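Nothing fancy with the numbering, it's 1 onward along the sequence. Worth saying up front: this structure is predicted, and the values here are computed from it rather than measured.
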Amino acid sequence: MKGILIFLVVFGLLVFVHEFGHFIVAKKSGILVREFSIGMGPKLFQIRRNPTTYTIRWLPLGGYVRLAGSDDETKLDPGMTVVVQLNDNNEVIRIDASESDLPIEGIPIQVTKADLVDALTISGYENGDENKPVTYHVNHDATIIDKNKTELVIAPRDTQFQQANVWQKLATNFAGPFMNIVLGFVVFMIWTFTVPGPATTTIAKVENNSPAQVAKIKANDEIISINGKKMSDFEDISNQISRSKGKDLKIRLKQGDTYHTAIVKPTSKTIQKQKVYQIGIVAKSDENFGAKLKRGWDTAVSTTSLIFNAVGNLFRHFSLNKLSGPVGIYSQTSQVSNMGFTYVLAFLAMISINLGIVNLIPIPGLDGGKLLLNLIELFRGKPISEEHEAIVELIGFGLLLVLIIAVTGNDIYRYFIK
């Protein structure tokens, strides 16, 4: 149960932050955000703060933003009955198209023609009486209640995503992945203060009967060099011990103002089927605020670099085992949740950066695919036609769907069957 809850929190936070990035930049760019949803599925709660409707939905799996666009235009078909509310200027300010048994108070109209994008008009018969044809102007900021009983602002042409300039489109599409990467960096900065500080070159403890103790190395000794090579941090020391393959190491040490040299022969131990060389020392940690902050930043940077390399390697040597979907993330989250809070934080940071980078891959269906189309528009000096863009998106979505099914099936096999 704990694993499921942590998975929902992790997965939900990743998607929420991603969508929030799109949301905030779209609003700043003048693009209408019709809906910002937390969760998926049937609506549980809604509140509208002009011009956006905020909803909470039953399935706590992320969320989405609904930008005004040609694919999100609300259409009123001829023959359907709607109820309209008017303001003092006889303009429609609210439309109930839910066809509910309990419509809003207003004037019932059987629609003959409606344009909520350009002309902003509704024509029809009042109370369905063909002897009472009416045409009303629709206010630019009018709202409409759709068949799911969600009340949204209509999407006039000037508020749609396609009408934004290319830089605003680029910024909006880039914002989601960027926010995931930022979240990863922020979480790594939090994580670094929940664990001991970075290991230094000074020894805190020498294990009993270890090679270091045999060589008379003591606590508070500072390792200056190994085999003549200067040691700048504990990672250098670990690497030098690992490369020794069990051969003698000449270690130069300092304690106070006194220097001395020890000859140490590392011993090996098999951990997770790998041979590891050790000399039996525990490093003293640096609890300085600046040192911890630097460690968090360096960890985030190195993780980002590793993920970029992994993505590149994926294209060079493709394998489904190098990919994970929600099933794989759930399995990994369940394992990490049993290891403690600090491991969950590190996992969240890594997954968030990974999600941001993967979303930048220029594949139709991902944000990277949209960014590629935006760049093409930038160099052409004009946008790609909506028809061609829709075809590209459809093909990309189909390929992406096939990949998701394959990855999910492989995850189920790897984590629950094999």
Would you check if the side chain of Ser210 reaches a backbone N or O of Glu207 as a donor-acceptor pair within less than 3.5 Å?
yes
Does any non-hydrogen side-chain atom of Ile122 lie less than 4.5 Å from one of Leu76?
yes
Find out whether Phe36 and Thr55 are in side-chain contact, i.e. whether some heavy atom of one side chain is under 4.5 Å from a heavy atom of the other.
no
State, to 0.1 Å, how close Leu345 and Trp191 come at their nearest heavy-atom pair, and which atoms those are.
CD1-CA, 4.0 Å
Does the pair Phe161 and Thr172 meet the rule for a side chain to side chain contact (heavy atoms under 4.5 Å, CB included), with working shown?
CA-CA 9 Å; Phe161 180 81; Thr172 300; 4.1 Å; yes
Test your reading of the model: is there a side-chain donor-acceptor pair from Ser29 to the backbone of Ile31, 3.5 Å cut-off?
no
Atom pairs and distances, side-chain donor-acceptor, residues 279-291, under 3.5 Å, sequence neighbours left out:
unit_1, atom_1, unit_2, atom_2, d
Lys284, NZ, Asn220, OD1, 2.8
Ser285, OG, Glu287, OE2, 2.7
Asp286, OD1, Asn288, N, 3.0
Glu287, OE1, Lys292, NZ, 3.0
Glu287, OE2, Gly197, N, 3.0
Asn288, OD1, Gly290, N, 2.8
Asn288, OD1, Ala291, N, 3.2

Side-chain contact, heavy-atom cut-off 4.5 Å: Glu91 with Tyr136?
no
Min side-chain heavy-atom separation Ile223-Asp236 under 4.5 Å:
no
Which is it for Val138 and Thr121 under the side chain to side chain contact (heavy atoms under 4.5 Å, CB included) test, yes or no, and what are the steps along the way?
CA-CA 5 Å; Val138 180; Thr121 57; 5.5 Å; no
Consider side-chain contact (heavy atoms from CB on, under 4.5 Å). Of Leu360, Ile361, Leu366, which one does Pro177 pass it with?
Leu360
If you define the side chain from C-beta out and look only at heavy atoms, does anything of Thr52 sit under 4.5 Å from Lys27?
yes
Just by modelled atom types, is the Lys218 backbone N or O under 3.5 Å from a matching donor or acceptor in the Asp221 side chain?
yes
Approximate separation, where rounding is to 0.5 Å, of Ile109 CD1 and Thr81 OG1:
10.0 Å
Sub-4.5 Å side-chain heavy-atom contact between Ile181 and Ile357:
yes
Should Leu372 and Ile363 count as side-chain neighbours, where that means a heavy-atom distance under 4.5 Å?
no
Ignoring hydrogens, what is the shortest heavy-atom contact between Ile154 and Leu32? Give both atom names and the distance.
O-CD2, 3.2 Å
Can you see which heavy atom on Phe185 is nearest to which on Thr304, and at what distance?
CE1-OG1, 3.4 Å
Looking at Asn239, is its backbone amide N or carbonyl O close enough to the side chain of Ser242 to form a donor-acceptor pair, meaning the two atoms are under 3.5 Å apart?
no
Go through the side-chain N and O atoms of Asn173 and Asn374 and say whether any donor and acceptor fall under 3.5 Å apart.
yes
Any donor-acceptor N/O pair, Arg252 side chain to Ser225 backbone, under 3.5 Å
no
I need the Glu130 CD to Asn127 CG distance, nearest 0.5 Å.
13.0 Å
Counting only N and O atoms by type, is there a donor-acceptor contact under 3.5 Å from the side chain of Arg295 to the main-chain atoms of Thr192?
yes
As an exercise, state the distance from CG of Asn354 to CG of Leu306, rounded to the nearest 0.5 Å.
11.0 Å
Within a reach of under 6.0 Å around CZ of Phe341, are more than 12 heavy atoms found that belong to other residues, nucleotides or ligands?
no
Identify the two heavy atoms, one from Lys43 and one from Trp58, that lie closest to each other, and give their separation to 0.1 Å.
O-NE1, 3.9 Å
If you look at every heavy atom in Ile104 and Asp96, which pair is closest and at what distance?
N-OD2, 3.1 Å
Please say whether more than 12 non-hydrogen atoms of neighbouring residues, nucleotides or ligands are located less than 6.0 Å from CZ in Arg380.
yes
For Thr143 and Glu151, does a side-chain donor sit closer than 3.5 Å to a side-chain acceptor?
yes
For the backbone of Thr342 and the side chain of Thr194, can you confirm whether one donor and one acceptor N or O come within less than 3.5 Å of each other?
no
With rounding to the nearest 0.5 angstrom, report the CG to CD1 distance, Leu44 to Ile56.
6.5 Å
Locate the shortest heavy-atom distance separating Thr303 from Thr299; write the atom from each residue and the value.
OG1-O, 2.7 Å
Residues Arg66, Glu35: salt bridge by 4.0 Å N-O rule:
yes
Show your reasoning for whether side chain to side chain contact (heavy atoms under 4.5 Å, CB included) applies to Phe20 and Val65.
CA-CA 8 Å; Phe20 182 76; Val65 291; over 6 Å; no
Side-chain donor or acceptor of Ser352 paired with backbone N/O of Ala349 under 3.5 Å
no
Gln168 side chain to Gly30 backbone, donor-acceptor under 3.5 Å:
no
Interatomic distance, Leu183 atom CG to Leu348 atom CG [nearest 0.5 angstrom]:
5.5 Å
Does Asp233 use its side chain to pair, donor to acceptor, with the backbone of Glu235 at less than 3.5 Å?
yes
side-chain hydrogen bond (donor to acceptor under 3.5 Å, both in side chains) with Tyr64: of Glu19, His18, Arg57, His22, only one passes, and it is Arg57
Do Leu293 and Met189 make a side-chain contact, defined as non-hydrogen atoms from C-beta onward lying under 4.5 Å apart?
yes
When rounded to the nearest 0.5 Å, the distance separating OG1 of Thr150 from CD1 of Ile145 is 9.5 Å
Would you mind checking if Lys149 and Glu99 are paired as a salt bridge, meaning a charged N to carboxylate O distance below 4.0 Å?
no
Is there a side chain to side chain contact (heavy atoms under 4.5 Å, CB included) between Tyr54 and Arg48 once you walk through the steps?
CA-CA 6 Å; Tyr54 300 87; Arg48 188 167 58 83; over 6 Å; no
